[in-house]
Amino acid sequence: VAAMGAMPLLPACFSPKGYAANGKVRLAAIGIGCQAWYDIQQLWATDLCNVVALCDTDLGGEQTLNALNAFPKAKLYRDFRAMFDEMADEIDAVLVATNLHWHPYVTLLAIKHGKHVFQEKPIAPTAEEGRLIVEAAKKKGVTLQIGFQRRNELNFQGAAELALNGELGEIKEVR
């Protein structure tokens, strides 16, 4: 059982038309080392997706070799813009796990191309950028999920319900 929030993204990406000939979501990963490698494994383990593209500025780095070795048929890119230019029509969903300052730009470009996005936390460096991303996803009608490890588990969802229903009293500060 995966312990991260990536799981809900893939089923939400399906529509009655299906995506690929085999019914699996075609996933591109932008950022493939460290946390991204964990995310890729969890998404792939659902057996709901095929990893079709891997993008990272350091394709020869120690952290990225696991992903490169695990998906030898995936197309490789160092520049996510080139990836979208060359194969946007072959991608259904995108994992964004880049450095924080790239999150808004990469995610907004994926949304512009009509791709569903699972993005690692935080959504953006500023609240304004975060709002832009959320509004763009709503306008384009794509699924956007932010990966806050363990935050999508049932116990965290239950705690959120308690807070939203006022059962915890007035919340004055969150850290």
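Along the sequence shown, residues carry numbers from 1.
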>> Rounded to the nearest 0.5 Å, what separates atom CZ in F118 from atom CG in L43?
In response: 6.5 Å

> Do V142 and L132 share a hydrophobic cluster, counting only Ile, Leu, Val, Met, Phe, Trp and Tyr and linking them when any side-chain heavy atoms are less than 4.5 Å apart?
Replying inline: no

> Is there a side-chain contact between L108 and K112 (heavy atoms, below 4.5 Å)?
Replying inline: no

> Does a salt bridge link D58 with R78, judged by any charged N lying under 4.0 Å from a carboxylate O?
Replying inline: no

> Closest approach of C55 and M83, non-hydrogen atoms and distance?
Replying inline: CB-SD, 4.3 Å

>> Checking R81 now: which residues fulfil salt bridge (Lys or Arg N to Asp or Glu O under 4.0 Å) with it, not counting sequence neighbours?
In response: D79

>> Go through it in stages, so that I can follow the logic: the residues are I40 and V51, the test is side chain to side chain contact (heavy atoms under 4.5 Å, CB included), and I'd like the CA-CA distance, side-chain angles, deciding distance and then a yes or no.
In response: CA-CA 8 Å; I40 294 166; V51 178; 4.3 Å; yes

>> Show the nearest heavy-atom pair for residues I171 and A163, with the distance to one decimal.
In response: CD1-CB, 3.6 Å

> Which pairs with one or both residues in residues 123-142 pass ring pair (Phe, Tyr, Trp, His ring centres under 6.0 Å), sequence neighbours excluded?
Replying inline: none

>> By the side chain to side chain donor-acceptor pair (under 3.5 Å) test, which pairs, at least two apart or in different chains, include something from residues 123-133?
In response: T126-E129

> Residues two or more places apart in sequence or in another chain: which of them pass side chain to side chain donor-acceptor pair (under 3.5 Å) with K75?
Replying inline: E90

> Is there a donor-acceptor pair under 3.5 Å between the side chain of H103 and the backbone N or O of T98?
Replying inline: yes

>> Can you tell me how far apart CZ (F80) and CG (D85) are? Round to the nearest 0.5 Å.
In response: 10.5 Å

> Passes side chain to side chain contact (heavy atoms under 4.5 Å, CB included), T64 versus L54? Steps please.
Replying inline: CA-CA 10 Å; T64 61; L54 298 170; over 6 Å; no

>> Do V134 and I123 have side chains that approach each other closer than 4.5 Å (heavy atoms only, starting at C-beta)?
In response: yes

> Any donor and acceptor pair, going by atom type alone, linking the side chain of Q119 with main-chain N or O of P122 inside 3.5 Å?
Replying inline: yes

> Roughly how far, to the nearest 0.5 Å, is the CG atom of L59 from the CG atom of L65?
Replying inline: 9.5 Å

> What do the steps show when you test I30 against F84 for side chain to side chain contact (heavy atoms under 4.5 Å, CB included), and what is the final call?
Replying inline: CA-CA 11 Å; I30 302 172; F84 283 120; 4.0 Å; yes

>> Can you confirm whether M87 sits close enough to V52 that some side-chain heavy atom of one is under 4.5 Å from a side-chain heavy atom of the other?
In response: yes

> Where do L27 and I91 land on the side chain to side chain contact (heavy atoms under 4.5 Å, CB included) test, with the steps shown first?
Replying inline: CA-CA 6 Å; L27 180 71; I91 297 168; over 6 Å; no

>> Test of understanding: with side chain to side chain donor-acceptor pair (under 3.5 Å), list the residues that count as partners of D89, not counting sequence neighbours.
In response: none

>> Working to the nearest 0.5 angstrom, can you tell me the gap between D92 CG and H116 NE2?
In response: 7.0 Å

>> Is the shortest side-chain heavy-atom distance between N66 and L68 below 4.5 Å?
In response: no

> For E135, what residues pass the side chain to side chain donor-acceptor pair (under 3.5 Å) criterion, not counting sequence neighbours?
Replying inline: none

> Above 12 or not: heavy atoms from other molecules or residues under 6.0 Å from CD of E167?
Replying inline: yes

> Would a 4.5 Å heavy-atom cut-off, applied to side chains only, mark T107 and L144 as touching?
Replying inline: yes

> If every non-hydrogen atom of A36 is compared with every non-hydrogen atom of A97, which pair is closest and at what distance?
Replying inline: CB-CB, 3.3 Å

>> For the CD atom of Q35 and the CG atom of L95, what is their distance to the nearest 0.5 Å?
In response: 9.0 Å

> Which heavy atom in H101 sits nearest to a heavy atom in P125, and how many Å separate them?
Replying inline: CA-CG, 4.2 Å

> Can you tell me how far the OH atom of Y77 sits from the CD1 atom of I32, to the nearest 0.5 Å?
Replying inline: 13.5 Å

> In terms of hydrophobic clusters joined by side-chain contacts under 4.5 Å, are Y105 and I133 together?
Replying inline: yes

